[in-house]
Visitor: 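So that we are looking at the same thing, I have put the structure below in structure tokens.
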Amino acid sequence: LAKTTQPISMDSYEGQEVNITCSHNNIATNDYITWYQQFPSQGPRFIIQGYKTKVTNEVASLFIPADRKSSTLSLPRVSLSDTAVYYCLVVTHSGAGSYQLTFGKGTKLSVIP
Amino acid sequence: DTGVSQDPRHKITKRGQNVTFRCDPISEHNRLYWYRQTLGQGPEFLTYFQNEAQLEKSRLLSDRFSAERPKGSFSTLEIQRTEQGDSAMYLCASSLGSLAGALAKNIQYFGAGTRLSVL
């Protein structure tokens, strides 16, 4: 069964770099890896997306190894406002030629002053 | 604000009743997705539409669940004969994507969700 795995929680001090890794063992070969951020009582919000190697935008970097069985979200110099739950999203095979969007269970990041 | 809107925000119902939720996507978006999220879990994919066509349905979507997207605009998700296990946040998202395009490539924009409580 397709599965994505993330650490349940992480703590970090303000100003530090945070790396969150998601393992996805049954990822579709031609689809993208996306990370979302979610605050309480809100829907998830897009952070970054990539297919392979490294992608960087104004808020984060995404590292994807050649086998694409994992991805690492890197948040540089976190602040208190980065306290949230972070999810990876991939497309996985669900059997019989069918695919589905699969979110990880989420990593709750707590930023400490 | 022209983001994704969901209605109602909260719904309390008794077991066995039918409920219907509505989602209005971003106007130019042709893809629309429904997810279910329980406390402490990531969103679980239920189904998605490309325009008015329902292209994928999760095995989580039992016969009691039905979704429609008439005319490729707003969408409704109906749950018949609700059970206590249906209590969750139901999230809708929309994106812009081509029919042959990768499923996860297009950025999804989420609504704030409808929280369902079944008593």
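First the proteins, then the strands, lettered A, B, ... as listed; each starts at 1. Computed over heavy atoms, backbone and side chain alike; hydrogens, waters and symmetry mates excluded.
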Visitor: Are the aromatic rings of B:Tyr35 and A:Phe103 close, with centres under 6.0 Å apart?
Guide: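 When the ring centroids of B:Tyr35 and A:Phe103 are compared, they turn out to be within the sub-6.0 Å range.
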
Visitor: Are B:Phe74 and B:Leu91 connected in a single hydrophobic cluster, I mean Ile/Leu/Val/Met/Phe/Trp/Tyr linked by side-chain heavy atoms less than 4.5 Å apart?
Guide: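 No; B:Phe74 is not reachable from B:Leu91 via cluster members.
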
Visitor: Check the surroundings of atom CD1 in A:Ile8: do more than 12 heavy atoms from other residues, nucleotides or ligands lie under 6.0 Å from it?
Guide: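 Atom CD1 in A:Ile8 is not crowded, with 12 or fewer foreign heavy atoms closer than 6.0 Å.
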
Visitor: Let me check something: do A:Leu73 and A:Phe63 share a hydrophobic cluster, defined by ILVMFWY side-chain heavy atoms less than 4.5 Å apart, either directly or through other members?
Guide: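 Different clusters.
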
Visitor: Give, for atom OH of A:Tyr87 and atom CD of B:Gln37, the distance between the pair rounded to the nearest 0.5 Å.
Guide: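 Rounded to the nearest 0.5 Å, the OH-CD separation comes to 4.5 Å.
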
Visitor: Between A:Tyr36 and B:Gln108, is there a donor-acceptor pair closer than 3.5 Å when you use the side chain of the first and the backbone of the second?
Guide: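 Flag set: sc A:Tyr36 to bb B:Gln108 pair under 3.5 Å.
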
Visitor: Who are the side chain to side chain contact (heavy atoms under 4.5 Å, CB included) partners of A:Tyr51, not counting sequence neighbours?
Guide: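 By the side chain to side chain contact (heavy atoms under 4.5 Å, CB included) rule, A:Tyr51 matches A:Tyr32, A:Arg68.
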
Visitor: Would the number of heavy atoms belonging to other residues, nucleotides or ligands and lying under 6.0 Å from CG of B:Leu39 be above 12?
Guide: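 At most 12 heavy atoms, drawn from other residues, nucleotides or ligands, come within 6.0 Å of this atom.
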
Visitor: Please look at A:Gln6 and chain B and tell me whether the side chain, the backbone, both or neither of the residue comes under 4.5 angstrom of a heavy atom of that chain.
Guide: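 Neither the backbone nor the side chain of A:Gln6 comes within 4.5 Å of chain B.
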
Visitor: Is A:Asp67 atom CG crowded by more than 12 heavy atoms from other residues, nucleotides or ligands, each under 6.0 Å away?
Guide: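 Check passes, neighbour count above 12.
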
Visitor: Sort by residue number and list every residue of residues 9-19 of chain A having at least one heavy atom under 4.5 Å from chain B.
Guide: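 Near chain B, by residue number: none.
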
Visitor: Anything in residues 10-18 of chain B with a heavy-atom distance to chain A below 4.5 Å? Please list those residues in order.
Guide: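 When heavy atoms of chain A are the reference, residues 10-18 of chain B contributes no residue within the under-4.5 Å range.
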
Visitor: Using the rule that two of Ile, Leu, Val, Met, Phe, Trp, Tyr join whenever any of their side-chain heavy atoms come within less than 4.5 Å, decide whether A:Leu62 and A:Val59 are in one cluster.
Guide: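 Shared cluster, yes.
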
Visitor: Could you state whether A:Phe39 and A:Phe46 fall into the same hydrophobic cluster, counting links through intermediate Ile, Leu, Val, Met, Phe, Trp or Tyr residues with side-chain heavy atoms under 4.5 angstrom apart?
Guide: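 Unlinked, A:Phe39 and A:Phe46 end up in two clusters.
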
Visitor: Between CD1 of B:Ile107 and CG of A:Leu89, what distance do you get to the nearest 0.5 Å?
Guide: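 If I round to the nearest 0.5 Å, the distance is 11.5 Å.
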
Visitor: Kindly give the heavy-atom pair with the smallest separation between B:Phe45 and A:Gln100, and that separation in Å.
Guide: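 That closest heavy-atom pairing would be CD2-CB, 3.8 Å.
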
Visitor: Which bit of B:Arg115 comes within less than 4.5 Å of chain A, counting heavy atoms only: side chain, backbone, both or neither?
Guide: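 Neither the backbone nor the side chain of B:Arg115 comes within 4.5 Å of chain A.
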
Visitor: Sort by residue number and list every residue of residues 104-113 of chain A having at least one heavy atom under 4.5 Å from chain B.
Guide: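 Checking residues 104-113 of chain A against chain B gives A:Gly104, A:Lys105.
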
